[in-house]
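Right, one structure below, let's go through it.
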Amino acid sequence: MDYEQEWPVYEEPAAQEEPAEAVTPTASAMYELAERYKALRDEKKKAEEYLKEVTADKDQAERQLFDLMIQTETENFTRKGTRFSVSIKTRASAKGGCKEELFAALRAHGYGDLVVETVNANSLTSLVKELKEANDQEVPGWIADVVNLYDQSNVSVTKSTRKS
C-alpha cells in the first residue's frame, strides 16, 4: 500500500439534471446539501476503510520489528532521528465469567476503590424509552432526577427504490 500518496480532496458532485417540475430555491439548496452530505459520508467510509488497512499494516510491521529486535537482542536503536525501543508491559483483565469474583476479591483485600460500576448508555436509553412508553411519554420521577435526557438530531440516509 502506498502511504506517500496524498489523500483525495473532496470535490463537489457534478450537477445533475433538474427534475421536470420547477424546483424552488429552498428545495434546490436542500438537494445540493443532501448530495454534499451523502458524498461526504461516502468519503468518510472510504477513509475509515483506508485507516483500517493502514492500521493492519502498521500492526504487522510492529510485530515483525519487535520479533526481529528480540531475536537479535536489540533493546533499542536510532534510525534517521527516531529511537526505537522494545517495550513489554504486563496488562490485566478479569477472566471470562469471573468479574464478580474479581470485584469481591479486590474489596476483601482493600482494593475496592478500583471497582467502578457502570451502566451501558444504550441500555439506559432503551430503559428510559420503555418507561416513557409505559407512562404517557413522561419519564417517571424516580429516574427523571438522576438522568440527563437530550435529543440527538441527524439525517437518516437510505437507498431509495424511487428514482429522482
Side-chain angles (χ1 to χ4, degrees), residues 1-72 74-99 102 114-133 139 143 146-164:
M1 178 166 283
D2 181 16
Y3 302 115
E4 297 300 318
Q5 70 183 12
E6 277 192 39
W7 189 250
V9 176
Y10 168 77
E11 294 180 20
E12 291 289 332
Q16 296 182 352
E17 292 183 27
E18 291 289 326
E21 70 272 3
V23 176
T24 66
T26 302
S28 177
M30 187 175 3
Y31 295 157
E32 287 177 25
L33 281 171
E35 289 171 11
R36 181 167 189 264
Y37 174 62
K38 184 175 182 313
L40 289 169
R41 278 177 34 130
D42 293 346
E43 196 65 32
K44 179 183 176 195
K45 186 175 181 179
K46 287 180 195 173
E48 288 169 344
E49 290 169 4
Y50 177 75
L51 180 59
K52 283 181 187 177
E53 290 177 26
V54 171
T55 300
D57 288 350
K58 176 202 67 88
D59 291 347
Q60 180 183 13
E62 180 182 26
R63 280 190 305 276
Q64 291 172 337
L65 178 59
F66 179 87
D67 290 345
L68 186 56
M69 290 176 73
I70 293 297
Q71 288 171 8
T72 60
T74 304
E75 288 185 28
N76 61 67
F77 66 94
T78 301
R79 173 84 173 147
K80 294 185 178 180
T82 302
R83 182 177 169 94
F84 298 86
S85 304
V86 171
S87 174
I88 299 173
K89 297 178 184 175
T90 300
R91 302 286 187 191
S93 63
K95 290 182 179 177
C98 295
K99 190 181 277 189
L102 171 63
L114 294 177
V115 178
V116 180
E117 290 187 66
T118 63
V119 176
N120 180 282
N122 289 334
S123 298
L124 181 60
T125 296
S126 294
L127 172 63
V128 170
K129 183 179 176 184
E130 289 174 20
L131 292 171
K132 283 177 64 175
E133 288 172 359
V139 178
I143 196 169
V146 293
V147 296
N148 290 318
L149 299 177
Y150 63 95
D151 292 326
Q152 185 178 22
S153 303
N154 67 344
V155 175
S156 176
V157 179
T158 56
K159 290 195 180 227
S160 173
T161 56
R162 193 181 113 206
K163 299 274 182 178
S164 55

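For reference, positions follow the sequence shown, starting with 1. Please read these numbers as outputs of a predicted model, since none were measured by experiment.
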Original post:
Any ion pair linking Arg36 and Glu32 (charged N to carboxylate O, less than 4.0 Å)?
Top reply: no

Subject >> Sequence-distant partners of Ile88, side-chain contact (heavy atoms from CB on, under 4.5 Å), two or more places apart >> reply: Phe66, Val86

Original post:
Is the count of non-hydrogen atoms from other residues, nucleotides or ligands lying under 6.0 Å from Glu133 atom CD greater than 12?
Top reply: yes

**OP:** Go through the structure and list residues passing ring-ring contact (aromatic ring centres under 6.0 Å, His included) with Phe84, not counting sequence neighbours.
**Re:** Phe77

Subject >> Residue pair Leu131, Val139: steps toward the side chain to side chain contact (heavy atoms under 4.5 Å, CB included) verdict >> reply: CA-CA 6 Å; Leu131 292 171; Val139 178; 6.0 Å; no

Original post:
Once you round to the nearest 0.5 Å, how far does CZ of Arg41 lie from NZ of Lys46?
Top reply: 13.5 Å

Original post:
Under the side-chain hydrogen bond (donor to acceptor under 3.5 Å, both in side chains) test, which residues partner Thr78, sequence neighbours left out?
Top reply: none

Subject >> Side-chain donor-acceptor pair present, Thr26, Thr24, cut-off under 3.5 Å >> reply: no

Original post:
Would Lys52 and Glu48 satisfy salt bridge (Lys or Arg N to Asp or Glu O under 4.0 Å), going step by step from the backbone distance to the final call?
Top reply: CA-CA 6 Å; Lys52 283 181 187 177; Glu48 288 169 344; over 6 Å; no

Subject >> All salt bridge (Lys or Arg N to Asp or Glu O under 4.0 Å) counterparts of Lys45, not counting sequence neighbours >> reply: none

Subject >> Test side-chain contact (heavy atoms from CB on, under 4.5 Å) applied to Ser85 - qualifying residues, sequence neighbours left out >> reply: Asn76, Arg83

Original post:
Does Asp42 pair with Lys38 as a salt bridge, N-O distance under 4.0 Å?
Top reply: yes

Identify each donor-acceptor pair in which a side-chain atom of residues 120-130 lies under 3.5 Å from a protein atom, sequence neighbours left out, and give them as a table.
residue, atom, partner, partner atom, Å
Asn120, OD1, Asn122, N, 2.8
Asn120, OD1, Ser123, N, 3.0
Thr125, OG1, Ala121, O, 2.9
Ser126, OG, Asn122, O, 3.1

Subject >> Smallest separation among heavy atoms of Met69 and Glu75, with atom names >> reply: CE-O, 3.8 Å

